[in-house]
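Here is the structure we will look at.
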Amino acid sequence: MEYGKETGKAHPGVCRKCGREGAEKFEKAARSAGVAFRESVGADSLTTFGGGGTVFRLYEPRDKSELCSLMRAAADVGMQENVFFLGGGSDTVIADGTVYTPVVSTHRLNRIAMQADGTVYAECGVRISALTVSAAKHGRGGFEFLWGVPATVGGALRLNAGAFGAQTADYVIKIERLNADCAETEWIDATEAEFGYRRGAEGFLLSAVFGLSPATPDESRALAVRYAAERRKKQPALPSCGSVFAGADMPAGYYIERAGLKGVRRGGAQISELHANFIVNTGGATATDFTELVNLAERRVRELFGVNLRREFVLLE
Ligand SMILES: Cc1cc2nc3c(=O)[nH]c(=O)nc-3n(C[C@H](O)[C@H](O)[C@H](O)COP(=O)(O)OP(=O)(O)OC[C@H]3O[C@@H](n4cnc5c(N)ncnc54)[C@H](O)[C@@H]3O)c2cc1C
């Protein structure tokens, strides 16, 4: 099946919430595809923020072929659009209570291969840090700007993760994703992905090929250390999901700080005293604590400055 502007068919990849009944229907399909899952997995082990509820079923395909079988089985029962792909969980907060949305963890899809032409192939579950280390061993560099960011290749591609004036899109040559009916995989050129500010490739992303620059391991390490030191100065060390809001004409943190919200707490969550655009988990924070602070920041910044903050995290419900 084709998708895109011509057909008007949206590509799947934006998950739609489903209830227990849907979750059980999906589970049956997953069993038929032979994919392992864990039951009632807590947010503490799935996301960097840590607070929140439990995932009813966490599917853990062992490789790309299992993942494709799972998604085909989901499509056969019309549930592919309910699926949520979870990478490093560093931009995701899991709602309190039980989340019935079928969550597919990509952590086992972690193959990296240096190719004869100097490009790097990486599956979606590869950590960006692992990609950086592996590329450096082969005399390539580029992703040092994300050193210290617990992102996977899939998450970085989906959100076009960036920092220090660089972004994921700068290094992508092509992307492999599931086609619209999840029947097969297809490669798209990076130019077709329409990357924008924190907006990346759509759909269920399986792997990518990156074009990195020549760099010795020492050069790569030195750059990574420099970027990590910059981060430590400006960003809190406590668990978080990174920046909560996207920048507008001014950084979101500027408005939140001027609204006097630095250090404000709800339960175990706090607007960071170090960087107002981070909400940290000081211990025992719930997703509700987190969203209350999000709502408060949005409301106060709108009232005081007439600015509508744009959310940069994903709330999995
Ligand atoms: C300490 C800290 C610092 C951070 N600093 C930065 C920064 O400097 N710059 C920046 O841009 N971000 C930053 N972030 C946010 C986050 O790391 C990035 O947004 C990252 O790209 C998320 O990757 P992930 O694998 O953790 O995604 P997840 O949180 O697992 O998922 C995020 C979204 O991507 C989707 N997704 C994940 N994998 C796939 C896949 N294979 N196919 C399709 N969709 C997929 C998910 O469904 C979800 O919608 C930071 C976060 C933390 C905790």
Side-chain angles (χ1 to χ4, degrees), residues 11-16 43 46-50 52 55 58 61 64 67-68 71 80-94 99 101-110 122-131 143-170 175-178 182 185 193 195-208 227-228 230-232 234-247 251 272 274-275 277-281 311-317:
H11 194 284
V14 179
C15 108
R16 273 194 337 236
L46 298 177
T47 65
T48 54
F49 180 70
V55 167
L58 180 78
K64 219 160 67 180
L67 177 66
C68 292
M71 293 306 290
Q80 73 273 31
E81 286 178 35
N82 299 94
V83 176
F84 184 89
F85 272 29
L86 183 71
S90 62
D91 207 45
T92 301
V93 174
I94 298 177
V99 168
T101 299
V103 179
V104 175
S105 167
T106 60
H107 74 103
R108 289 181 170 159
L109 278 83
N110 54 11
E123 288 183 341
C124 58
V126 168
R127 295 274 172 172
I128 291 291
S129 53
L131 176 64
F143 274 109
E144 292 80 6
F145 67 92
L146 285 180
W147 191 257
V149 177
T152 59
V153 162
L157 287 167
R158 186 76 184 87
L159 298 163
N160 190 17
F164 303 109
Q167 53 180 0
T168 303
D170 299 340
I175 301 163
E176 184 189 23
R177 68 180 180 186
L178 285 166
C182 297
T185 72
F195 284 108
Y197 176 75
R198 301 295 173 269
R199 197 191 67 235
E202 303 231 322
F204 295 115
L205 313 172
L206 301 175
S207 71
Y227 284 132
E230 284 294 305
R231 269 181 200 284
R232 272 198 303 276
K234 295 186 190 141
Q235 296 181 359
L238 283 169
S240 75
C241 64
S243 298
V244 176
F245 301 105
S272 167
L274 184 63
H275 192 316
N277 198 21
F278 279 65
I279 294 178
V280 293
N281 184 349
R311 297 180 180 195
E312 216 184 59
F313 60 91
V314 182
L315 183 66
L316 170 59
E317 298 176 288

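Bear in mind that the values here come from a model prediction, so they are computed numbers and not experimental data. In each ligand, atom 1 is the first atom listed, and ligand 1 is the first ligand listed.
- Counting heavy atoms under 4.0 Å from ligand 1, residue Glu312 does not touch it at all.
- For ligand 1 and Gly162, the ligand atoms under 4.0 Å from any heavy atom of the residue are 7 (C), 8 (O), 9 (N), 10 (C), 11 (O).
- The closest heavy-atom contact to atom 40 (C) of ligand 1, among the options Tyr227, Phe85, Phe49, comes from Phe85.
- Atoms of ligand 1 lying under 4.0 Å from any heavy atom of Phe84, numbered from 1 in the order shown and given with element: 46 (C), 47 (O), 48 (C), 49 (O).
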Could you pull out every donor-acceptor pair under 3.5 Å between side chains of residues 161-169 and any protein atom, sequence neighbours left out?
{"unit_1": "Gln167", "atom_1": "OE1", "unit_2": "Asn160", "atom_2": "ND2", "d": "2.8"}
{"unit_1": "Thr168", "atom_1": "OG1", "unit_2": "Ala161", "atom_2": "N", "d": "3.3"}
{"unit_1": "Thr168", "atom_1": "OG1", "unit_2": "Ala161", "atom_2": "O", "d": "2.7"}

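- The distance from ligand 1 to the heavy atoms of Arg198 drops below 4.0 Å at these ligand atoms: 11 (O).
- Taking every heavy atom of Thr92 and a limit of under 4.0 angstrom, the matching atoms of ligand 1 come to 28 (P), 29 (O), 31 (O), 32 (C).
- At least one donor-acceptor pair under 3.5 Å links the side chain of Ser240 to the backbone N or O of Gly242.
- Interface of Gly203 with ligand 1, defined as ligand atoms under 4.0 Å from a residue heavy atom, comprises 42 (N), 43 (C).
- Among the atoms of Thr106, none of the N or O lies under 3.5 angstrom from an N or O of ligand 1.
- For Cys124, every heavy-atom contact with ligand 1 shorter than 4.0 Å involves the side chain, none the backbone.
- Looking at ligand 1, you'll find an N or O of Gly87 within less than 3.5 Å of one of its N or O atoms.
- Nearest to atom 20 (C) of ligand 1 by heavy atom, out of Ser240, Ala151, Gly125, is Ala151.
- Counting heavy atoms closer than 4.0 Å to ligand 1, residue Thr152 contributes atoms from both its backbone and its side chain.
- Geometrically, ligand 1 and Gly155 share a nitrogen or oxygen pair separated by less than 3.5 Å.
- Residues meeting the ring-ring contact (aromatic ring centres under 6.0 Å, His included) test with Phe49, sequence neighbours left out: Phe290.
- Residue-level proximity to ligand 1 for Leu159 is carried by the side chain, the only part with a heavy atom below 4.0 angstrom.
- Contact atoms of ligand 1 toward Ala163: 8 (O) (distance under 4.0 Å to a heavy atom of the residue).
- Residue Ser243 places no N or O, backbone or side chain, under 3.5 Å from any N or O of ligand 1.
- Contacts of Leu205 with ligand 1, taken as heavy-atom pairs under 4.0 Å, involve both backbone and side chain.
- Annotation: Gln235 places no N or O atom under 3.5 Å from an N or O atom of ligand 1; distance criterion only.
- Proximity to Val149 (heavy-atom distance under 4.0 Å) selects the following atoms of ligand 1: 4 (C), 5 (N), 6 (C), 13 (C), 14 (N), 17 (O), 50 (C).
- The side chain of Thr48, and not its backbone, has at least one atom closer than 4.0 Å to an atom of ligand 1 (non-hydrogen atoms only; side chain from C-beta on).
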